[in-house]
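Notes for the one structure printed next.
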Amino acid sequence: MRAEPSRHLAPAAATAAAGRWIRRPQPRPAARLRLFCLPHAGGTPALFKHWPPLLPDWIEPLMVCLPGRENRLDEPLPEDIPTLVGQLAGAVRPWLDRPWALFGHSMGGALAHELTQTLIDQGQRAPEQLVISAREPPQCHHGGDLHRHDDDTLCAALTALGGTPPELLALPEIRAIVLPAVRQDYRLIETYRPDPERPPLPCPLTVFRGRDDPDLDAEEADAWSRWTDAGFRVETFPGGHFYLSDAPGPVVARLSALLAQ
């Protein structure tokens, strides 16, 4: 039998993690559900900066900040995804005193899936909803070696995906800040070796994708159905890999409707 998380845990118990792993842009002590948001490779909580005012008051958004960015620039990333997820699970656990859900975009989708598996294995309750955005399922993992290429090649790949304005990547001072985290994140996700034999999750799983995303086609999105035995759907939005940045309103509205169910 899985142990229920303590009902006595308060956000104050998580203050140390909050300053490093978790950003709480709009504290909502009365919210009945917490939503953890995990960004893409090289991404920061700023990916979700427009979300808090768009979410209903009963959802408290908690943004994950990985090492190597924002106030964690001097912190190295772990050597592999399992180690990173283990550390993240320790930071998240104090916040699981009420129902929770995850939204992970791109690399954040892989982390969200692994984090859900890890927390359930540790005896935590399952999330109300796991939403994977712009990420292929483990059995279709792409891999790659972009992290081994030079800065110009890396910048060209980022520009092609549309997540970073090319005029910013042309500035040496911006490259010096952005590219180390991007390269390390790509190393993690490209050398990631997911276990395709793990059992399905006991929670609903929804895939969000951009209709024109070169990194996730409709067939791969549908293949996520193998990873849940509690309900599955795919939601498609106009746009490419960063569809959620182009028009956050419809994305947050659909996510809120899912969580309301």
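Residue indices begin at 1 and follow the sequence shown. Remember, predicted model here, so these are calculated numbers, not experimental data.
- In this structure, D246 contributes its side chain and G239 its backbone to no donor-acceptor pair below 3.5 Å.
- In this structure the side chain of F242 never reaches within 4.5 angstrom of the side chain of D213, judged on heavy atoms.
- A donor-acceptor pair under 3.5 Å is absent between the side-chain atoms of H40 and the main chain of G108, judged by distance alone.
- Using bins of under 30°, 30° to 60° and over 60° for the plane-to-plane angle, the ring pair F237/Y243 lands in the parallel bin.
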Report the C-alpha distance between E114 and R198 in whole Å, list the side-chain angles of each, state the deciding distance to 0.1 Å, and finish with yes or no for salt bridge (Lys or Arg N to Asp or Glu O under 4.0 Å). CA-CA 10 Å; E114 289 285 346; R198 294 185 77 170; 3.2 Å; yes
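- Under the 6.0 Å distance and 45° angle rule, R125 does not count as a cation-pi partner of W100.
- Between P202 and D229, the closest heavy-atom pair is CA-OD1, 3.5 Å.
- Neither side chain, R24 nor Q26, offers a donor N or O lying under 3.5 Å from an acceptor on the other.
- In terms of heavy-atom proximity, D57 sits nearest to R28 at O-CD, 3.6 Å.
- For the pair Q122/Q117, no side-chain contact is recorded, criterion being any heavy-atom separation below 4.5 Å from C-beta on.
- Summarising the geometry, atom OG1 belonging to T116 is positioned 6.0 Å from atom CG belonging to L201; distances are rounded to the nearest 0.5 Å.
- Heavy-atom minimum distance, T118 versus A89: CG2-CB, 4.1 Å.
- Interatomic distance, T44 OG1 to E70 CD, rounded to the nearest 0.5 Å: 4.5 Å.
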Apply the test side-chain contact (heavy atoms from CB on, under 4.5 Å) to residues L35 and L255: give CA-CA distance (whole Å), side-chain angles for both, the deciding distance (0.1 Å), then the verdict. CA-CA 10 Å; L35 173 65; L255 177 59; 3.7 Å; yes
One pair to check against side-chain contact (heavy atoms from CB on, under 4.5 Å): T236 and V207. What are the steps and the verdict? CA-CA 8 Å; T236 302; V207 176; over 6 Å; no
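- At least one side-chain heavy atom of L119 sits less than 4.5 Å from a side-chain heavy atom of R93.
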What's the verdict on salt bridge (Lys or Arg N to Asp or Glu O under 4.0 Å) for R211 and D217, showing C-alpha distance, side-chain angles and the deciding distance? CA-CA 8 Å; R211 184 174 294 113; D217 60 30; over 6 Å; no
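- T83 and D80 are linked by a side-chain donor-acceptor pair at a separation below 3.5 angstrom, with hydrogens and angles left out of the test.
- Between L259 and I59 there is a side-chain heavy-atom pair separated by less than 4.5 Å.
- A donor-acceptor contact under 3.5 angstrom links the side chains of Q129 and T206, judged on distance only.
- Distance alone, capped at 3.5 Å, places no donor-acceptor pair between the R34 side chain and the L62 backbone.
- Rounding to the nearest 0.5 Å gives a distance of 13.5 Å between CZ of R183 and CG of L77.
- The shortest side-chain heavy-atom distance between L55 and S256 falls under the 4.5 Å cut-off.
- Between R135 and E220 no salt bridge is recorded (no basic side-chain N to carboxylate O distance below 4.0 Å).
- Between L47 atom CG and S133 atom OG the span is 8.5 Å, to the nearest 0.5 Å.
- Annotation for H142 and D215: closest pair CE1-O, 3.3 Å, computed over non-hydrogen atoms.
- Across P137 and W227, no two heavy atoms sit closer than the pair CB-NE1, 4.1 Å.
- Both cation-pi conditions hold for R32 and W58: the charged atom is under 6.0 angstrom from the six-membered ring centre and inside a 45 degree cone around its axis.
- Side chain of R187 to main chain of E79: a donor-acceptor pair is present (N/O by atom type, distance under 3.5 Å, no hydrogens or angles).
- The local environment of CD in E219 is sparse, with at most 12 non-hydrogen atoms from other residues, nucleotides or ligands closer than 6.0 Å.
- Between the R72 side chain and the C65 main chain, a donor and an acceptor come within less than 3.5 Å of each other.
- You'll find the ring centres of F36 and W21 outside the 6.0 Å limit.
- Atom OG of S106 sits about 7.5 Å away from atom CD1 of I189, to the nearest 0.5 Å.
- Side chains of F208 and L258 form a contact here, defined as non-hydrogen atoms less than 4.5 Å apart.
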Passes side-chain contact (heavy atoms from CB on, under 4.5 Å), N71 versus R23? Steps please. CA-CA 11 Å; N71 66 336; R23 303 287 184 266; 2.5 Å; yes
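- In this structure a side-chain-to-backbone donor-acceptor pair under 3.5 Å is missing from R98 to W95.
- In summary, R209 and D222 do not engage in a salt bridge, as defined by a charged side-chain N under 4.0 Å from a carboxylate O.
- In this pair, H105 and H241 present their aromatic rings tilted. The plane angle is within the 30 to 60° band.
- At a threshold of 4.5 Å between non-hydrogen side-chain atoms, the residues K49 and M63 do not count as touching.
- Within a 6.0 Å sphere centred on CG of D74, heavy atoms belonging to other residues, nucleotides or ligands number 12 at most.
- Residues L66 and L38 fail the side-chain proximity criterion, which asks for heavy atoms closer than 4.5 Å.
- Here the closest heavy-atom approach between residue A230 and residue C203 is recorded as CB-C, 3.5 Å.
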Test side-chain contact (heavy atoms from CB on, under 4.5 Å) on W224 and V234; report intermediate values, then the result. CA-CA 9 Å; W224 272 106; V234 176; over 6 Å; no
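- Interatomic distance, CZ of F48 versus SG of C37, reported as 5.0 Å (0.5 Å rounding).
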